[in-house]
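A short worksheet on the structure shown next.
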2 protein chains.
Amino acid sequence: MKYDISYEEYMEKVKLGILTESGNCPVIPLLRMLQGKWKFEIIYELCMKDAIRFGELKKNIDGITNTMLTSSLRELEDDGLVSRKQFNEIPPHVEYSLTEKGKDLLPIFYAMTKWGFKYIP
Amino acid sequence: MKYDISYEEYMEKVKLGILTESGNCPVIPLLRMLQGKWKFEIIYELCMKDAIRFGELKKNIDGITNTMLTSSLRELEDDGLVSRKQFNEIPPHVEYSLTEKGKDLLPIFYAMTKWGFKYIP
DNA sequence: CCGTATCCTATATGATACTG
DNA sequence: CAGTATCATATAGGATACGG
């Protein structure tokens with residue numbers, strides 16, 4: 001499988017500059033997906049539960065507005081990281097959850113956490 | 001050492017919500033450091049060489065302006081990821097390089113690259 | 001060569017009111 | 001409950017000219 005690159009192979013490609021050539025770099029698109037003030041916190045909330053409702057997300061993420069929560073969720077959905085399930089009930093009921101693609105971000109956050117434990121006071 | 005957390009321990013803390021509590025989360029500060037249109041490309045250029053000059057960075061990073069290159073480098077320097085060495089010569093000569101803290105980001109980029117190879121077309 | 005200063009535009013985020 | 005619509009503000013990014 002093309003994506004089972006080893007760390008040694010990766011370092012070699014970095015040194016040769018192969019990964020950044022002409023839009024080859026897979027990191028920039030991912031950083032774009034995570035950009036924005038609330039994206040990571042939203043993903044983090046979604047990590048903790050199998051599914052979570054709009055209102056609960058809003059309650060848990062301190063300071064976020066309707067507008068930002070909605071637009072962030074839409075973008076994460078468009079990027080395939082989050083899925084939205086709507087129940088046609090009264091009152092309305094919507095549940096958000098991570099897709100497999102979204103759950104596969106966890107090893108990245110793990111690596112970031114290890115770095116952070118070392119360097120963030 | 002506090003930062004040698006295992007993946008299992010990490011996953012457990014995620015589920016319990018411990019890592020996001022009251023500013024505990026080490027990932028958000030890191031994401032902030034990498035935020036901005038040019039930061040990652042700059043770090044990537046610095047990965048490939050031991051040291052690189054301002055002019056060469058500008059030449060290699062397509063489309064970046066003086067203003068953005070300067071301000072991005074300053075912020076990376078303030079965050080301790082990049083170091084700046086000035087040679088007092090005529091004409092002026094400045095070299096930028098990654099610090100240890102900056103080099104330690106590589107496992108994160110490796111994890112991102114693996115994810116990207118799997119999911120970025 | 002390696003920037004800074006200034007001004008301008010674009011995008012991101014925020015506040016508030018309202019609705020199916 | 002889960003949003004949308006509208007308007008306002010803040011921050012990021014860009015263009016250009018100039019200086020040590």
Side-chain angles (χ1 to χ4, degrees), chain A residues 25 27-46 49-79 81-98, chain B residues 25 27-46 49-79 81-98:
Chain A
C25 179
V27 175
I28 289 175
L30 174 54
L31 282 172
R32 297 275 175 277
M33 290 181 197
L34 301 180
Q35 223 155 36
K37 190 171 175 184
W38 306 102
K39 295 273 182 73
F40 178 75
E41 290 185 70
I42 293 170
I43 294 173
Y44 216 106
E45 285 297 320
L46 295 171
K49 307 242 173 76
D50 287 336
I52 187 168
R53 298 177 64 166
F54 185 91
E56 200 175 352
L57 272 173
K58 179 155 185 220
K59 189 164 57 65
N60 292 352
I61 300 175
D62 194 51
I64 198 166
T65 59
N66 273 359
T67 321
M68 287 311 295
L69 182 52
T70 304
S71 72
S72 301
L73 282 169
R74 285 288 171 281
E75 288 174 22
L76 291 170
E77 213 188 334
D78 292 344
D79 289 330
L81 302 175
V82 163
S83 76
R84 175 181 187 276
K85 187 172 180 188
Q86 179 167 350
F87 299 81
N88 287 318
E89 305 168 352
I90 306 289
H93 177 172
V94 176
E95 282 183 0
Y96 291 94
S97 57
L98 286 184
Chain B
C25 179
V27 175
I28 289 176
L30 175 54
L31 282 172
R32 297 277 175 275
M33 289 181 198
L34 301 179
Q35 224 154 33
K37 191 171 177 186
W38 305 102
K39 294 275 181 72
F40 178 75
E41 291 185 68
I42 292 169
I43 294 173
Y44 215 105
E45 285 296 320
L46 294 171
K49 307 239 172 78
D50 287 337
I52 186 167
R53 299 179 62 169
F54 185 91
E56 199 177 351
L57 273 172
K58 178 154 188 221
K59 190 163 59 64
N60 292 353
I61 300 174
D62 196 51
I64 198 167
T65 58
N66 273 0
T67 321
M68 288 311 294
L69 182 50
T70 303
S71 73
S72 301
L73 282 169
R74 286 288 171 281
E75 288 174 22
L76 291 170
E77 214 189 333
D78 292 344
D79 288 331
L81 302 175
V82 163
S83 74
R84 177 181 186 274
K85 187 172 180 187
Q86 180 168 348
F87 298 81
N88 287 319
E89 303 167 356
I90 307 288
H93 177 172
V94 177
E95 282 184 1
Y96 291 94
S97 57
L98 286 183

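So that the names make sense, note that chain A is the first sequence line, chain B the second, and so on, each numbered from 1. The analysis underlying the following values was restricted to heavy atoms, covering all of them including side chains, and did not include hydrogens, waters or symmetry mates.
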Check: Can you tell me how far C1' of D:dA12 sits from NZ of A:Lys37, to the nearest Å?
Finding: 14 Å
Note to self: Classify A:Thr65 by what it touches in the nucleic acid, base, sugar-phosphate, or nothing, heavy-atom distance under 4.0 Å.
What the structure shows: sugar-phosphate
Next item on the list: To the nearest Å, give me how far apart CD (B:Glu75) and C1' (D:dA12) are.
Entry: 10 Å
Check: Of the non-hydrogen atoms in B:Val94 and B:Gln86, which two are nearest, and what is the gap between them?
Finding: CG2-CG, 4.2 Å
Next item on the list: Write down the distance between CD (A:Gln86) and C1' (D:dA2), rounded to a whole number of angstrom.
Entry: 9 Å
Next item on the list: For A:Gly36 and for B:Ser71, find the nucleotide of DNA chain C with the closest heavy atom, then tell me which residue's nucleotide is more 5'.
Entry: B:Ser71
Checklist line | 5' priority, DNA chain D, between A:His93 and B:Pro92 [closest heavy atom] | finding: A:His93
Item checked: First and last nucleotide of DNA chain C, 5' to 3', lying under 4.0 Å from heavy atoms of chain A -> C:dT13 to C:dG20
Notebook entry, point to check: Nearest nucleotide by nearest heavy atom, which residue falls closer to the 5' end of DNA chain D, A:Glu56 or A:Gln35?
Noted result: A:Glu56
Item checked: Close side-chain approach of B:Phe54 to B:Pro92, heavy-atom, < 4.5 Å -> no
Next item on the list: Let me know the distance between CZ of A:Arg32 and C1' of D:dA12, rounded to the nearest Å.
Entry: 12 Å
Item checked: Heavy atoms of other groups near A:Asp50 CG, more than 12 under 6.0 Å -> no
Notebook entry, point to check: Under 4.0 angstrom, heavy atoms only, what part of the nucleic acid is A:Tyr96 near: base, sugar-phosphate, or nothing?
Noted result: sugar-phosphate
Note to self: Please give me the minimum heavy-atom distance between A:Leu76 and A:Met33, naming the atom from each residue.
What the structure shows: CD2-O, 4.1 Å
Check: Taking atom P of D:dA2 as reference, at what distance in whole Å does atom CD of A:Glu95 sit?
Finding: 9 Å
Next item on the list: Quick one: label A:Pro91 by what it contacts on the DNA or RNA (base, sugar-phosphate, nothing), any heavy atom closer than 4.0 Å.
Entry: sugar-phosphate
Notebook entry, point to check: Starting at CD1 of A:Ile90 and ending at P of D:dG3, how long is that distance when rounded to a whole Å?
Noted result: 14 Å
Checklist line | Short side-chain N/O contact from A:Arg53 to OP1 or OP2 of D:dA2, under 4.0 Å | finding: yes
Check: Do the side chain of A:Lys39 and the main chain of A:Gln35 share a donor and acceptor less than 3.5 angstrom apart?
Finding: yes
Check: Charged N to carboxylate O under 4.0 angstrom, A:Arg74 versus A:Glu77?
Finding: yes
Notebook entry, point to check: Heavy atoms, side chains only, cut-off 4.5 Å: are A:Leu73 and A:Leu57 in contact?
Noted result: yes
Check: Expressed in angstrom and rounded to an integer, what is the separation of A:Ile52 atom CD1 from D:dC1 atom P?
Finding: 15 Å
Margin query: Expressed as a whole number of angstroms, how long is the span from B:Arg74:CZ to D:dA12:P?
Written below: 17 Å
Note to self: Which nucleotide wins on minimum distance to the side chain of B:Met68, given the candidates D:dT4, D:dA15, D:dG13?
What the structure shows: D:dG13
